[in-house]
Each structure stands twice: as C-alpha cells, then as structure tokens.
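Residue numbers count from 1 along this sequence. Small disclaimer: the values here were computed from a predicted structure and weren't measured.
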Amino acid sequence: MRKICSTNFLTNAMINRDYKGFNKSKPLFARKKTRRKGVLLFSATFIALLAVTSFIKMTPGEESEQKNQQDTEILQLNLSPDETQTSLSSDIMTDEGLPMENQSSRSHSLELEKLSLTEIALKASRENTAFENEVEEEVVEPEPQEPQIKWESLTVENGDSLAKIFKRKGYSASDLHYMMLSDEKIDILKKIRPGHTLEFASNDDSSFLGLRYPYNISETLQVTKLADKEFDVAIDEKEIEFKTRFATATITSSFYMAGKEAGLPDGVIMELAGVFEYDIDFALEIRKDDSFSVLYEEKFIEGEKVGYGNILSAEFTNQGDSFAAVRYTDTNDRTAYYTPEGKALRKSFLRAPLQFNYVSSNFNPKRFHPIQKRVKPHRGVDYRAPIGTPVRAAGDGRVTNSAYNKYNGNYVFIKHGNNITTKYLHFSKRSVKAGERVKQGQIIGYVGSTGMSQAPHLHYEFVVNGVHRNPRTVKLPHAAPVPKDEMERFREQSKPLIAQLETERTTYFARLNEPSASSNNGKLQK
C-alpha cells in the first residue's frame, strides 16, 4: 500500500514539473526551437565575405564579370571541408551567444581564409603567366637556317675557257659536263670572251650551285643546279624602253668634234658616218660649215639609260650637197638606209677604205715623191693613220694579189665586177690571201709603213678598165632600191620619220633665233 502511494506521489511530482509553466494560449505540442535561423545567417555572411574579398582583389576595368565568377568558383573549390565545417560551427555558436573568446577565434579564422584566398589567387596568376610564357617560347622558336649561298663575280681573261675557270675555282668537272648537256640555251656560254663577266654561286663547302652570264645589256643566262646531274637553264630578259632623241650641229673644226658638242655618243657619230660613207669621204671631204641633223634612239632599262639604239633618219650637208637617209626594214626582215624616194644609200664601193682619220695628201697627178726625190704621179689617195688601224675592202670581190715588195711593202689587190680593181699598199700586216673572196667592209689588213713609206699610212688606188680614177669622185652604182611591191609600205613607215626630223630641225632654228638661245652657237640635242 505504501509502495503504491509512493509511486503515485512520484508520478504526480513529475507531471507537476513538466507542466509547471503550462500556458493555455500555447498549444500542448508546440514545435521545438531549431537553429535554422543561425544557419541562414551564416550562409549570407559567408557569401558577403566572398563578394567583398573578390571586390578588393579586382582592379577596375581589367577583369570581366565572367572572370569574377571563375575566381569565386576557384576559391570555393580550394576550401577544404574541415575549414568550411569549422567556419560554420563558429558562426552558429556566435549566433547563439557563445563567449567572446569563441568570437575572437571566428575572426581569426576569417583572416586565415582571406590569406588563403589571396595565396590561391596569386598562385593561379603565376601558373597562368608561366603557361603564357611557355606558349610564347614555343611560337618564337627559331627555324633551322638554310645553307648560305655566296655569289662571286669573275672577269674572263685571255685564254680562259669554262673548263679552265671551273678547274681554277675548284668546281667539279662532272658538274660542267652535265650542265653543258642540260639545254640548248647553254650554248651561249661558248661565246664568252675576254672582258666578259660571269657570276658563280657556291655554298659553304665551295660546291658549284649555279651561275649568271649577262651576255648583253638586257639578257642574262641563269643556270641553277637542282640536283646531281640536273640543271635548270633560263634567260632573264629585261624590257628595253626606247626614246627618240634629236641632235644637230654645224661643223667648225671636225665632224667628230661637232658630234661631241651636239651631245652624240661616239657610237652614234661613227654610225652616222657609216650611213653616208658611200657618198661622202669623211676623211677627206668634210669642210667647215658642213652640217648634219639626226634622229636616233636611246635605250633605257628600269628608268636608267643603258645605251643607244639605231639612227632612224638623218640629213647631211657636205660642200653644198644634201644627202638624206631613212631606216627601213622590209618584209624579209632586211634592214637598210634609203633616200626618201626609196633609193639605196649603199653602193657597190665605199668612198674610203678607212673610217675618217687625218689624210696626208690629196689626189694629185703631179706629186713630188718624198723618197725618190722626183715628180711622180700620185694615182691614189694616202690616208695617214696609226699603225694597226684596220683597213676595209671597198667592195665585194676576189683577192688577186697578197704579197710584199720593196716599193709597195705589204699590199693587197682586189678585183671587183665591171672591170674595177682596188689596190691597198704599205700594210703592216695582211689578213687575206690570194684567191680569197671578200665582202664589202671586211678587214683585209692593217695600216703600216712598209716599202717606200716615210710614215704610217695607207695608199689606196681605184682602177677602172686599167685607168686610175679618183676614188673620191668616181661615180658608183647604187645597190637595189626598195622593191616596187613594198613602196607603199615604205612610204607609210618612212614619211613620219622624215617629217619628225624636219619638225625638230625647224624648232631648233626657231629657238636659235630667239635672244635667250643665242648662246647655243649652232648645236642642240634633246
């Protein structure tokens, strides 16, 4: 009985304790308090902390929103689970009113997190920079250099051949052999002469790699070694531009000096004499106040003058007689100079077998012979010139005599058509033999002073039907004129050239008569 009462007492005491603070306004089974509010507060605080840390590290204008997001993700991933759990526990305990030392511990933990985040960001930046440098080094890695090619210029000397040049430079004879068999164009190398220039290419081992041969002003032969026994041969041709030039002058001392004063190159002066040499003896017949006008070409390559071209038209006044010439190439590709009427300037004989030089004596039947000391007819013309001056055949023919005697020295006789014979005396050296056929202008010997001769000169005679004639005045037959079926074509091409020459000359004299142009003194080139 006492036991039961004791039990009831304990039960009532427990019930009274549990419902001591019972309030009728509250439900009997009210929901218990939880810590969800503290967790939410911690999460918001942590996110704000990350945002503040990223904002402090970010430089304005340098990082994009995407980079901030990537940095945040990197920072979150690098936090260890233990650190995250510790931070969460500290925040919960602080929110529940834990002691100050716990709050101090939480602040210290936040500082460590900031340092950790900074170190992670710096490490990531260093790794990114190292990667970029590595990529850059890979990009700028130098490529292996090719073997250097060296070019060397060489001037061909007397007695040189390609075989001798290759041997002298230490090149393989096999290369020369297969190079000469590689192409037809390589035959140009067979024409090398002393004074010509060759350029050779070789490597560091001095092995032959190719050559260049500029055989004229606009064309260069190029040879390249491709492989053993294999060569490429080509011709590099530069475009030539032709410009027309005009010059005129009045002779005061000599034809050559007048040409130089007019600004003509030596080659144009000599060619102008060649155009009219069938009508004018430039060694004997040039006089003061003779004049000439010429229209000719100049050559340019890449804007630089490299020489002169052909005479297109010209006029020469000699002792009151005027001679005109125009260049024409027919349909058979034959080029010659003709009068404006279509007659050939070329004749069967040259007026002089020498190009113009000083002449010691004129045609004179009653000349006093300086050696024999008596009057002796001088049935020819003497042309004084230095020893070795080339002598040309006056016309086509056959050599009848090529010998030596004490009177004539070394001499040559040539028989031509129409029973005409020309004689050449006092050679230093003869270049033809008896019985040999020669062409007009061919070199037959050289000026000397052999036989009865006081000074170096050429004695020239012109004999027709056994009678000596003055070679300067004898009438000579013309070559064939322009064919009748080409006369219309000839007029179409020659008329503009003749008109241009006349226009240029008229313009020149008009300028010459102007007061400001009076100092030109009779010469012009433009």
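In plain terms, the two heavy atoms of Phe246 and Ser293 that are nearest each other are CE1-CB, 4.0 Å. A pairwise comparison of heavy atoms in Ala479 and Ala344 identifies O-CB, 3.8 Å as the closest pair. Residues Pro353 and Tyr424 come closest through the heavy atom pair CB-CE2, 4.0 Å. The heavy-atom pair separating Thr450 from Ser428 by the smallest distance is CG2-CA, 4.4 Å. When all heavy atoms of Glu285 and Ile280 are compared, the closest pair comes out as OE1-CA, 3.8 Å. The heavy-atom pair separating Gly263 from Tyr296 by the smallest distance is O-OH, 4.3 Å.
With contacts defined as side-chain heavy-atom distances shorter than 4.5 Å, the pair Val482/Lys343 does not qualify. Residues Leu295 and Gln500 are in side-chain contact: their nearest non-hydrogen atoms beyond the backbone lie under 4.5 Å apart. Taking the side chain as every heavy atom from C-beta outward, Val391 and Tyr446 never approach each other to under 4.5 Å. Within the 4.5 Å cutoff, the side chain of Phe300 has no heavy atoms near those of the Ile240 side chain. With contacts defined as side-chain heavy-atom distances shorter than 4.5 Å, the pair Thr506/Glu504 does not qualify. Here the side chains of Leu476 and Arg351 are in contact, with some heavy-atom distance below 4.5 Å. In this structure, Glu486 and Thr331 have side chains that are in contact, with non-hydrogen atoms separated by less than 4.5 Å. Counting heavy atoms from C-beta on, the side chains of Tyr213 and Leu189 come closer than 4.5 Å.
Checked against the 6.0 Å centroid threshold, Phe166 and Phe208 count as a close aromatic pair. If you look at His196 and Tyr215, their ring centroids are not closer than 6.0 Å. Between Phe413 and Tyr411, the distance from one ring center to the other falls under 6.0 angstrom.
Under the 3.5 Å distance criterion, the side-chain polar atoms of Thr507 are matched with a main-chain donor or acceptor of Thr503. Under a 3.5 Å cut-off, the side chain of Asn408 and the backbone N or O of Asn405 do not form any donor-acceptor pair. A distance-only check finds no donor-acceptor pair linking the side chain of Asn418 to the backbone of Ile420 [under 3.5 Å]. Although no hydrogens or angles enter the test, the distance criterion places no donor-acceptor pair under 3.5 Å between the side chain of Glu219 and the main chain of Asn216. Counting only distance, with no hydrogens or angles, the side chain of Thr389 and the backbone of Ala385 share no donor-acceptor pair below 3.5 Å. With hydrogens and angles disregarded, no donor-acceptor distance shorter than 3.5 Å links the side chain of Asn332 to the backbone of Arg334. Between the side chain of Asp281 and the main chain of Ala283, a donor-acceptor pair closer than 3.5 Å is present. Proximity of a side-chain donor or acceptor of Thr155 to a complementary backbone N or O of Thr197 within less than 3.5 Å is not detected.
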Evaluate the criterion salt bridge (charged side-chain N to carboxylate O under 4.0 Å, His left out) for residue pair Asp175 and Lys229; output intermediate values, then yes/no.
-> CA-CA 7 Å; Asp175 283 342; Lys229 303 180 183 180; over 6 Å; no

Would Ser161 and Lys164 count as a side chain to side chain contact (heavy atoms under 4.5 Å, CB included) if you check the C-alpha gap in whole Å, the side-chain angles of each, and the deciding distance to 0.1 Å?
-> CA-CA 5 Å; Ser161 64; Lys164 290 182 179 180; 3.5 Å; yes

Would Tyr337 and Phe276 satisfy side chain to side chain contact (heavy atoms under 4.5 Å, CB included), going step by step from the backbone distance to the final call?
-> CA-CA 9 Å; Tyr337 288 94; Phe276 295 106; over 6 Å; no

Worked check of side chain to side chain contact (heavy atoms under 4.5 Å, CB included) between Lys433 and Val399 | CA-CA 7 Å; Lys433 298 179 181 179; Val399 178; over 6 Å; no

Pair Leu176-Lys167, side chain to side chain contact (heavy atoms under 4.5 Å, CB included): steps then yes or no = CA-CA 10 Å; Leu176 175 61; Lys167 183 177 181 180; over 6 Å; no

Test Thr317 against Ser322 for side-chain hydrogen bond (donor to acceptor under 3.5 Å, both in side chains), laying out the working first.
-> CA-CA 4 Å; Thr317 300; Ser322 294; 3.3 Å; yes

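Aromatic ring orientation, His426 versus His457: tilted (interplanar angle from 30° to 60°). Ring geometry, Tyr338 versus Tyr328: the interplanar angle exceeds 60°, so the pair is classed perpendicular (tilted spans 30 to 60°).
Separating the OG1 atom in Thr400 from the CD1 atom in Ile414 is a distance of 8.0 Å, to the nearest 0.5 Å. The CD atom of Glu241 sits 11.5 Å away from the CD atom of Glu297 when rounded to the nearest 0.5 Å. If you take CG on Leu345 and CD on Glu277, they are separated by 10.5 Å, rounding to the nearest 0.5 Å. We find the CG-CZ distance between Asn318 and Phe323 to be 6.0 Å, quoted to the nearest 0.5 Å. A distance of 5.5 Å separates CG of Leu226 from CG of Asp232, quoted to the nearest 0.5 Å. The distance from the CD1 atom of Ile444 to the NZ atom of Lys429 is 14.0 Å, given to the nearest 0.5 Å.
Shown are Tyr256, Phe316, Tyr383, Phe292; of these, the ring pair (Phe, Tyr, Trp, His ring centres under 6.0 Å) with Phe282 is made only by Phe316. Residue Phe349 is tested with Phe462, Tyr460, Tyr278 for a ring pair (Phe, Tyr, Trp, His ring centres under 6.0 Å); the sole match is Phe462. Each of Lys190, Lys185, Lys191 was checked for a salt bridge (Lys or Arg N to Asp or Glu O under 4.0 Å) with Asp187, and the lone residue meeting it is Lys190. Between His416 and the options Thr421, Asp396, Thr422, a side-chain hydrogen bond (donor to acceptor under 3.5 Å, both in side chains) holds for only Thr422.
Looking only at atom types and distance, the side chain of Arg212 has no donor-acceptor partner in the side chain of Thr220 under 3.5 Å away. No side-chain donor from either of Gln440 and Arg392 sits under 3.5 Å from a side-chain acceptor of the other.
Heavy atoms from other residues, nucleotides or ligands lying under 6.0 Å from CD of Gln319 number more than 12. Residue Lys238 places its NZ atom among 12 or fewer non-hydrogen atoms of other residues, nucleotides or ligands, all under 6.0 Å distant.
Asp330 and Arg489 are not joined by a salt bridge, as no carboxylate oxygen comes within less than 4.0 angstrom of a charged side-chain nitrogen. Salt-bridge formation is detected for the pair Asp160/Arg168: a Lys NZ or Arg NE/NH1/NH2 atom is positioned less than 4.0 Å from an Asp or Glu carboxylate oxygen.
Counting only residues at least two apart or in different chains, salt bridge (charged side-chain N to carboxylate O under 4.0 Å, His left out) contacts with residues 304-324 comprise Glu298-Lys305, Glu315-Arg505.
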